[in-house]
Amino acid sequence: MGMAQRGYFTLLVLVYAAVFLTLLSALSGYIFVQKRLELGKENREKAFHLAEAGLEYYRWHLAHWPDDATNGTGQPGPYVHTVVDPEGGVVGTFSLAISAGSLCGKTNTIAITSTGASAADPTYTRTITARYTKPSVAEFSTIVNSNVWVGEDRVISGPYHSNGGVRMDGTHNATVSSGVSTWSCTATFGCSPSSNKAGVFGSGGPATLWTYPAPAVDFNGISVDLATLKGYATSSGVYIGPSGGYGWRIIFNSDGTFSVRRVVGTTQVWGYSTENGWQQERTVMSNVQAATNYSIPEDCPVVFVEDNVWLEGAVSGKVVLAAADVTSTNIDRSVILNNSLTYANSSGDGITVIGERDVLVGLQTPDSMTVQGIFIAQKGKFGRNHYCRSECDSSHQGNEGLSSNLDPFVTRSVLYTNGTVVSNGRIGTKWTSGGSFISGYAQRYDSYDRDLATNPPPFTPVTSDDFKFVEWRDVK
């Protein structure tokens, strides 16, 4: 081989060696970068799970110390915890920032920000925020402590539960649960002759969402301590005492205020309920006095009325209103929904209405009526009594007929309920006889309010004493 050929071969080897070294260097760099990326991803995932561990840790802490927002230190945060593996090695840390929301001086929700960092590389962090609160009745569209018949005209959105049996002829999009496996369906529930039925039965559905027997809801457990509410209202909220008349008419205004008028005149009418038969009632107002205006206190939005209440208006913000007499053992107060009760804004508003006895849809109500909120009939029922027009026939006692000016209100068209109904007794807002509609609202639409389910008004009854996530966000 000549000198020229040897030189050419050497040059060729050098060129290929240079290319090889370049490729090797690029491949090594790529592998190194990928390794760093994988380690970074691994450490970010570790940081994420450490942040989750922080949330779970504080949920455990709240189960033991429900009102503690200082991690047991009594000092402001953040609160840093080291996490170790079973062998004692350090996995990483989580840091907690905790803030408690309180109303009337009582903690009602706790917000937590948890930041996790892996011990392998603390520069990688993940932050999660969550809000803990106790689950409330607002997670249901309806809770009833009695047997119930849901008519074929009813359209229900959200979970529906009865501690008794359920005849479900309506339609629904969530679970319908009964606390019993079987029950005796009588003529008042459309069964003639009476017969034993499954916990949930009927022509409605879908039946795949029916469940029975389901755990009963403890009505004693979800009852509101009305005396405590009165204390909050007296000290920091709004307390309205006995009227000296028939009760109070309360109208909520969209600017965060409400007006109160003493009811000094009512029209006595006959109303019928399954529990009590025909009784005289005074749910129709005939004379009210001038209004006194109140603002809803932001730091304690509790309104306690020691008398009956006629309620309507547009609610701004979140507020709880209770009608009760906690002094007299033999007197229970009720709320009459006299007109539509809605929200002033598209989101962020809510009301919990508590009747010590009943929450009733009155006689003199709109043909199309909307009520929004959480309605709790603590000892009685949520419903509308049956009324008879002035020409009541001989099948009645003869004196139940209304005055003719009230005849148009006997039958109404549509009732929209958006929120939650909690009723100790049987719910009913429509009455039929022989298959014919004779009183109440012809069509009913019930839906639960997702915003109230995650952020209900203060002192809404809870269904569990355990805190749970209601909001969870991966911040970064």
Side-chain angles (χ1 to χ4, degrees), residues 108-109 133-146 148 150 154-164 166 168 170 172-179 209 214-219 221-224 229 252 301 311 315 317-323 334-335 337 340-343 347-361 369-384 415-429 441 444-464 468 470:
N108 66 321
T109 186
T133 191
K134 296 176 181 179
S136 76
V137 296
E139 294 186 348
F140 292 82
S141 65
T142 303
I143 303 175
V144 60
N145 195 33
S146 176
V148 66
V150 180
R154 290 276 291 278
V155 179
I156 300 169
S157 174
Y160 188 106
H161 175 82
S162 170
N163 283 344
V166 179
M168 175 55 67
H172 53 89
N173 65 1
T175 57
V176 174
S177 56
S178 165
L209 295 175
V217 174
D218 180 8
F219 261 68
I222 66 175
S223 296
V224 180
L229 275 189
F252 280 94
L311 186 62
V315 177
K318 284 189 167 66
V319 61
V320 57
L321 179 145
S334 297
V335 175
L337 300 172
S340 289
L341 182 67
T342 58
Y343 299 147
S347 63
D349 298 335
I351 184 170
T352 295
V353 177
I354 304 166
E356 183 183 21
R357 186 70 189 172
D358 299 322
V359 177
L360 297 175
V361 178
M369 183 173 176
T370 299
V371 291
Q372 294 180 284
I374 300 167
F375 303 96
I376 301 170
Q378 190 148 299
K379 297 180 182 179
K381 66 171 185 177
F382 178 96
R384 189 181 198 256
L415 176 63
Y416 298 93
T417 305
N418 178 232
T420 301
V421 169
V422 180
S423 179
N424 192 47
R426 179 179 176 179
I427 297 173
T429 52
Y441 278 87
R444 286 80 50 84
Y445 295 92
D446 304 330
S447 61
Y448 93 124
D449 187 325
R450 179 61 185 168
D451 178 62
L452 295 188
T454 58
N455 189 19
F459 310 113
T460 297
V462 299
T463 55
S464 171
K468 63 174 285 188
V470 293

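When a residue number appears, it is its place in the shown sequence, counting from 1.
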Worked verdict on F219 versus N424 for side chain to side chain contact (heavy atoms under 4.5 Å, CB included):
CA-CA 8 Å; F219 261 68; N424 192 47; 3.7 Å; yes
Would you please test H172 and V150 for side chain to side chain contact (heavy atoms under 4.5 Å, CB included) and show each step?
CA-CA 10 Å; H172 53 89; V150 180; over 6 Å; no
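Remark: S157 pairs with N173 by the side-chain hydrogen bond (donor to acceptor under 3.5 Å, both in side chains) rule, at least two apart or across chains. With sequence neighbours excluded, no residue satisfies salt bridge (Lys or Arg N to Asp or Glu O under 4.0 Å) with D349. Y416 is linked by a ring pair (Phe, Tyr, Trp, His ring centres under 6.0 Å) to Y445, counting only residues two or more places apart in sequence or in another chain. For Q372, the side chain to side chain contact (heavy atoms under 4.5 Å, CB included) criterion is met by T342, Y343, T370, N418, not counting sequence neighbours. Among residues two or more places apart in sequence or in another chain, the side chain to side chain contact (heavy atoms under 4.5 Å, CB included) test is passed with S136 by A138, P456, T460. The side chain to side chain contact (heavy atoms under 4.5 Å, CB included) test applied to V217 returns I143, H161, N163, I222, not counting sequence neighbours. Annotation: side chain to side chain contact (heavy atoms under 4.5 Å, CB included) contacts of S334 (sequence neighbours excluded): N308, R357, D358. Partners of Y448 according to the ring pair (Phe, Tyr, Trp, His ring centres under 6.0 Å) rule, which considers only residues two or more places apart in sequence or in another chain, do not exist here. Remark: R444 pairs with D153 by the salt bridge (Lys or Arg N to Asp or Glu O under 4.0 Å) rule, at least two apart or across chains.
Annotation: side chain of S177 is not in contact with side chain of P159 (no heavy-atom distance under 4.5 Å). The shortest distance between side-chain heavy atoms of L321 and V319 does not fall below 4.5 Å.
Looking at every heavy atom in both residues, S162 comes nearest to S146 through OG-O, 2.6 Å. Nearest heavy atoms, G317 versus V315: O-CG1, 3.7 Å. Looking at every heavy atom in both residues, S141 comes nearest to S447 through CB-C, 4.5 Å.
With hydrogens and angles disregarded, a donor-acceptor distance shorter than 3.5 Å links the side chain of Q378 to the backbone of V224. With hydrogens and angles ignored, the 3.5 Å screen pairs no side-chain donor or acceptor of S340 with any backbone N or O of V371. Side chain of T142 to backbone of V421: no donor-acceptor contact under 3.5 angstrom is found.
Atom CD1 in I156 sits 5.5 Å away from atom CG in D446 (nearest 0.5 Å). Taken from CZ in F375 to OG1 in T420, the straight-line distance is 9.5 Å, to the nearest 0.5 Å. Of the inter-residue distances, the one linking L337 atom CG with T429 atom OG1 reads 11.5 Å to the nearest 0.5 angstrom. Separating the OG atom in S178 from the OH atom in Y160 is a distance of 10.5 Å, to the nearest 0.5 Å. To the nearest 0.5 angstrom, L452 atom CG is 5.0 Å from I374 atom CD1.
Residue F382 is tested with L360, V144, V422, V361 for a side-chain contact (heavy atoms from CB on, under 4.5 Å); the sole match is V361.
Pairs passing the salt bridge (charged side-chain N to carboxylate O under 4.0 Å, His left out) check and including a residue from residues 447-457, sequence neighbours excluded, read K318-D451.
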